[in-house]
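What follows is a single structure, written as structure tokens, with notes after it.
Just so you know, these numbers use all the heavy atoms, side chains as well, and skip hydrogens, waters and symmetry mates. Since this is a predicted model, take the numbers as computed values, not measurements.
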Amino acid sequence: MKILHTSDWHLGKRLPPFSREDEQREILREIAGIARAENVDVTIIAGDVFDVSVPPATAEEMFYSAASELAKNCLVVAIAGNHDDGERLKAPDVLAKVSGIILAGGFDCSALSCTPVTGGKVEGRTGGIVFEKNGERLNIMLCPYLTEARKGDPPAPDFAAYVEKVLSERAASVFSEDGTNMAVAHLFMLGSSTLGEERELGSAKLLPLSVLPRCDYTALGHVHKPMKLTDNVRYCGSILGYSFEAADIQRRIIIYDTVTKEIKEVPLGCGRKLVTVRTKSFDEALSALRNAGDNFVKIVYDCAEPLTASRTSELERAGKLAVLEIVPQGIKREIKRRAHRTPSELFEEFYGVRSGGEKPSESLVREFLELVGEDDA
């Protein structure tokens, strides 16, 4: 079988004041075309189908239309991410299964049995589904988003231990030796076996790879940047660029072949670019917007001449201005003023401000320099 791995659609997401709906529809048509061209048997959506837990009606319609189009050629399996309401995602499950669409919004997948219109048979298990088609068996462990608030009963000693226990139990109900074993989860994973310092993405805590069950392929969602954690543990990333900080990343989907074990990354071509331009004047900013075409633009306005309301409006009319960041000139002047001063001079100035004009003793200045490992040489 061939499995298409995608995630983080974030349908309904905007880049205020602009809608991204036309781009989202276009990219979903592109994904459906890739699925057809590659003769995909299963499409996996690894969470964050929607951008908010109660998405607008247009976003729900977009998802149902895209899933229905994909289901004409393959089984479609979607899990809930941290942006999704799991109960809402699985609400149309009875109708979805008739079309060969599995909506795993909850943690008990035992009721997800169905007969896809494209052939084969799906059997629901507590921790996922078993898909049999043309004599081949694909065991898919499904794990919707897990939060720190969930630690089981009795509670696990820490979140990582809890996640490892949950994934192990879910895998045990699905995996077998006579098929391909695959895990699908919406988690924030570290690319090594140790955590180091604790970090979070949204409300998700960073987890070590050791929590994941051993299997043939792990399809992850949650991180918007495509990432290869190991040869067979991957984030495919979001379908569109949703942040100017990650604007240059090539968006893609992943196709996994259960027979050859080949993992192929397929680039996506649709979607507007997010362009950041640093400008030194109003005219530069205006020109950048006019030359950006239909792309979204972030202007970093680094100029001593302030922008008037009328000039700001002119910039907004010139193109797709999504972000206008004005560099505070006062801070720049202060940084320049301090650039050539010694550490002791800076400390004396700081001490004087805090003490109402008093000057620090020489011994206090020496202690400060020793503490920060500096000298005035």
Side-chain angles (χ1 to χ4, degrees), residues 1-11 13 20 22-51 62-63 65-81 83-84 100-104 118 131 138 140 142 180 182-187 189 215-243 246-274:
M1 295 189 203
K2 284 187 176 181
I3 295 100
L4 188 154
H5 169 200
T6 178
S7 75
D8 295 272
W9 288 6
H10 286 275
L11 302 182
K13 187 173 181 64
R20 308 293 301 274
D22 60 335
E23 296 173 86
Q24 290 171 340
R25 290 186 185 277
E26 187 180 13
I27 204 85
L28 294 180
R29 285 194 292 268
E30 182 179 2
I31 291 171
I34 294 170
R36 286 193 299 271
E38 294 282 346
N39 294 315
V40 165
D41 297 283
V42 183
T43 290
I44 298 291
I45 309 166
D48 282 357
V49 173
F50 300 110
D51 190 52
M62 199 188 314
F63 171 58
S65 296
S68 296
E69 184 63 29
L70 283 163
K72 292 177 182 177
N73 299 283
C74 62
L75 175 70
V76 178
V77 182
I79 66 170
H83 282 252
D84 302 311
I101 301 169
I102 299 296
L103 302 176
T118 53
F131 180 41
L138 176 63
I140 312 177
L142 300 173
T180 298
M182 178 177 179
V184 180
H186 196 83
L187 297 168
M189 305 301 305
C215 60
D216 296 289
Y217 182 75
T218 297
L220 295 172
H222 190 52
V223 174
H224 287 196
K225 176 183 177 180
M227 291 181 67
K228 174 183 173 182
L229 303 186
T230 70
D231 285 342
N232 64 344
V233 178
R234 307 284 183 105
Y235 284 105
C236 60
S238 60
I239 57 172
L240 290 174
Y242 288 124
S243 167
D248 296 331
I249 294 170
Q250 172 65 62
R251 303 296 153 181
R252 66 195 66 178
I253 54 93
I254 294 173
I255 295 178
Y256 174 70
D257 191 312
T258 62
V259 176
T260 65
K261 308 301 181 185
E262 178 189 8
I263 298 173
K264 181 166 69 171
E265 296 181 344
V266 182
L268 297 172
C270 298
R272 296 184 178 90
K273 293 181 179 179
L274 276 64

Closest approach of Q250 and L268, non-hydrogen atoms and distance? NE2-O, 2.9 Å

E265/R234 salt bridge by N-O under 4.0 Å criterion: yes

Does any non-hydrogen side-chain atom of I249 lie less than 4.5 Å from one of K225? yes

Donor-acceptor contact below 3.5 Å, side chain S7 vs main chain I45: no

Non-hydrogen atoms of H222 and L187 that approach each other most closely: CB-O, 3.5 Å

Can you check whether C270's main-chain N or O pairs, donor with acceptor, with E30's side chain at less than 3.5 Å? yes

I want to check something: taking the side chain as every heavy atom from C-beta on, are L220 and V233 in contact at a cut-off of under 4.5 Å? yes

Please check this pair: side chain of E38 against backbone of I255, looking for a donor-acceptor N/O pair closer than 3.5 Å. no

I'd like to know if D8 pairs up with R251 as an ion pair, taking the criterion as any Lys NZ or Arg NE/NH1/NH2 lying under 4.0 Å from an Asp or Glu carboxylate oxygen. no

Tell me, please, which residues at least two apart from D41 pass salt bridge (Lys or Arg N to Asp or Glu O under 4.0 Å). K133

Check whether any side-chain heavy atom of D216 sits under 4.5 Å from a side-chain heavy atom of N232, and report yes or no. no

Side-chain contact, heavy-atom cut-off 4.5 Å: I31 with T6? yes

Any side-chain heavy-atom pair of L4 and I44 under 4.5 Å: no

Between R29 and E26, does any side-chain N to carboxylate O distance fall below 4.0 Å? no

Does Y242 form a ring pair (Phe, Tyr, Trp, His ring centres under 6.0 Å) with H10? I'd like the steps, not just the answer. CA-CA 9 Å; Y242 288 124; H10 286 275; 5.7 Å; yes

Side chain to side chain donor-acceptor pair (under 3.5 Å) involving H5 - partner list, sequence neighbours excluded: Y217

May I ask you to decide whether E262 forms a salt bridge with K2, counting only side-chain N to carboxylate O separations under 4.0 Å? no

